[in-house]
Amino acid sequence: MTLVLVHGNPETTAIWDPMRAALERHGIGPDDVVALSPPGFGVPSPDGFGATMNEYRDWLAAELEGLLAAGTEHVDLLGHDWGGGHVMRIAMERPDLIRSWCTDVIGLFDADYVWHDAAQLWQTPDGDASIARMISRPDPERIAFYAGLGMGPEVAQSVVPHINADMGRCILALYRDAAQPAMADLGFNIAAAGQRPGLCILAAGDHFTGGGVMHRRIATRAGARVTELLDVGHWWMCENPGLAAHTVANWLASLDRTGAASAGA
């Protein structure tokens, strides 16, 4: 088993550290987990990278192809925030690369989804100034801000130095490319994700991803099951690492029990 983790915005692989430590209690150790960093989000973006949705899909596909070529038997792909959006592109368009998928943002693909206020601002010309303010605030202020939103102080301290001009450029490009009706258009193909077993994590306190009705409606169309996590928000893997690890471990165990026959493993 190889569990591949993909984070989102404004994040680095550090958001997974608390959950990864808790996963070891379930027998899922460091050698079983790979955390990937989308270009611009914790690692520099390459020259000429436009940070569009299709470019992130292609980046993730190439990373998975590399893992399989190196001998990985199968991939269970888990994405958070925009990482969850990239995961769904793979689930819909490159299911040959994975055994299963899991996301916490499937509601974004609902026809009625409306981007949150910050995203809508980034999608306008005023977004440049908003991002400039975000990356220019003093680090202690930014650490306290993201820690209070749910990252926690240790994770926020690791993430904040990477919230820089390169990330800001990628944020603007990605959200502008995803302005509606782009996400709704992608959602028309969501049933294709049913070619592989899927799990949709619904964090009850996450107000960025459309809410329970949209999650459940799109999950049904994708042939996926929904697990609701109570008393946690957007950064559920940081807020309650034990619950996060338990949820992920149960998902992986269910695949092992069934042999993931429908996943072509």
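We're numbering straight along the sequence, starting at 1. All values below come from the heavy atoms of this structure, side chains included, with hydrogens, waters and symmetry mates left out.
Contact record, Ala35 with Trp16: CB-CD1, 4.3 Å, taken as the closest heavy-atom pair. Of all non-hydrogen atoms in Met92 and Leu186, the two that sit nearest each other are SD-O, 3.8 Å. Here the closest heavy-atom approach between residue Trp251 and residue Leu77 is recorded as CH2-O, 3.9 Å. Nearest approach of Met151 to Val159, heavy atoms of both residues: CE-CG1, 4.0 Å. Nearest heavy-atom pair across Ser158 and Ala14 is CB-CB, 3.7 Å. Between Ser45 and Asp166, the shortest heavy-atom contact is OG-OD1, 2.6 Å.
Follow the hydrophobic side-chain contacts under 4.5 Å out from Val4 and you never reach Val43; the two are in separate clusters. With hydrophobic clusters built from ILVMFWY side chains whose heavy atoms lie under 4.5 angstrom apart, Val114 does not share a cluster with Trp122. Residues Ile171 and Leu121 fall into different hydrophobic clusters, defined by Ile, Leu, Val, Met, Phe, Trp and Tyr side chains chained together at heavy-atom separations under 4.5 Å. There is no path of hydrophobic side-chain contacts, each under 4.5 Å, that joins Phe188 to Ile190. Under the 4.5 Å side-chain heavy-atom criterion for grouping Ile, Leu, Val, Met, Phe, Trp and Tyr, Val226 is not connected to Ile201 through any hydrophobic cluster.
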Ile135 vs Met167, side-chain contact (heavy atoms from CB on, under 4.5 Å): CA-CA, chis, key distance, verdict = CA-CA 9 Å; Ile135 65 178; Met167 184 183 288; over 6 Å; no
How far apart are the C-alpha atoms of His215 and Asp104, what are their side-chain angles, what is the distance that settles it, and do they pass the side-chain contact (heavy atoms from CB on, under 4.5 Å) test?
-> CA-CA 9 Å; His215 271 70; Asp104 60 1; 5.6 Å; no
Run the numbers on Val248 and Leu78 for side-chain contact (heavy atoms from CB on, under 4.5 Å), then give the verdict.
-> CA-CA 9 Å; Val248 172; Leu78 165 59; 3.9 Å; yes
Walk me through it: do Arg20 and Leu3 pass the test side-chain contact (heavy atoms from CB on, under 4.5 Å)?
-> CA-CA 10 Å; Arg20 292 182 70 172; Leu3 173 63; over 6 Å; no
Verify salt bridge (charged side-chain N to carboxylate O under 4.0 Å, His left out) between Asp126 and Arg133, making sure each step is shown before the conclusion.
-> CA-CA 11 Å; Asp126 292 334; Arg133 290 191 296 271; over 6 Å; no
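Using a 4.5 Å cut-off on side-chain heavy atoms (C-beta onward), Val160 and Tyr146 make contact. Side chains of Val155 and Asp17 form no contact here, defined as non-hydrogen atoms less than 4.5 Å apart. Ile98 is listed as a side-chain neighbour of Leu64, based on a closest heavy-atom distance under 4.5 Å. Side-chain contact between Arg99 and Val75: absent, with no pair of heavy atoms (C-beta onward) separated by less than 4.5 Å. Taking 4.5 Å as the limit, every side-chain heavy atom of Pro38 sits out of range of all side-chain heavy atoms of Trp82. Residues Pro18 and Met237 form no side-chain contact, since every pair of their non-hydrogen atoms from C-beta on lies 4.5 Å or further apart. Between Arg89 and Met53 the shortest side-chain heavy-atom distance falls below 4.5 Å. Side-chain contact check for Asp76 versus Leu252: some heavy-atom pair is nearer than 4.5 Å.
In this structure, the side chain of Glu141 does not engage the main chain of Arg137 through any donor-acceptor pair within 3.5 Å. At distances below 3.5 Å, not a single donor-acceptor pair connects side-chain atoms of Gln157 with backbone N or O atoms of Glu154. Put simply, the side chain of Asp81 gets close to the backbone of Asn9: a donor and an acceptor are under 3.5 Å apart. Trp101 places a side-chain N or O within donor-acceptor distance of the main-chain N or O of Arg196, the cut-off being under 3.5 Å. The backbone N or O of Gly198 sits nowhere less than 3.5 Å from a side-chain atom of Ser100 that would complete a donor-acceptor pair. Side-chain atoms of Glu228 never come within 3.5 Å of backbone atoms of Ala203 as a donor-acceptor pair (strictly under, hydrogens ignored). Side chain of Gln180 to backbone of Met183: a donor-acceptor contact under 3.5 angstrom is found. Using a distance-only test at 3.5 Å, with no hydrogens or angles considered, a donor-acceptor pair links the side chain of Arg221 to the main chain of Gly187. Remark: the backbone N or O of Trp115 is paired with a side-chain donor or acceptor of Gln120 at under 3.5 angstrom. Looking only at distances, no side-chain donor or acceptor of Glu11 sits under 3.5 Å from a matching main-chain atom of Phe41.
Shown here are the salt bridge (charged side-chain N to carboxylate O under 4.0 Å, His left out) partners of Glu65, two or more places apart in sequence or in another chain: Arg94.
Around the CD atom of Glu73, the shell of radius 6.0 Å holds no more than 12 heavy atoms that belong to other residues, nucleotides or ligands. Other residues, nucleotides and ligands contribute only 12 or fewer heavy atoms inside 6.0 Å of the CG atom of Asp231.
From Ile131, atom CD1 reaches atom OH of Tyr175 across 9.0 Å, with rounding to the nearest 0.5 Å. Interatomic distance, Thr2 OG1 to Ile28 CD1, rounded to the nearest 0.5 Å: 11.5 Å. Note that CG of Leu255 and SG of Cys102 are 10.0 Å apart. Values are rounded to the nearest 0.5 Å. The CE atom of Met88 sits 9.0 Å away from the CD1 atom of Ile218 when rounded to the nearest 0.5 Å. The distance from the CD1 atom of Ile106 to the CG atom of Leu202 is 11.0 Å, given to the nearest 0.5 Å. Interatomic distance, Glu239 CD to Leu229 CG, rounded to the nearest 0.5 Å: 10.0 Å.
Ring geometry, His80 versus Trp235: the interplanar angle falls from 30° to 60°, so the pair is classed tilted. Between His26 and His246, the angle of the ring planes lies from 30° to 60°, which puts this pair in the tilted group.
Checked against the 6.0 Å centroid threshold, His234 and His207 do not count as a close aromatic pair. Between Phe49 and Trp59, the distance from one ring center to the other does not fall under 6.0 angstrom.
No side-chain donor-acceptor contact under 3.5 Å links Asp206 and Trp236.
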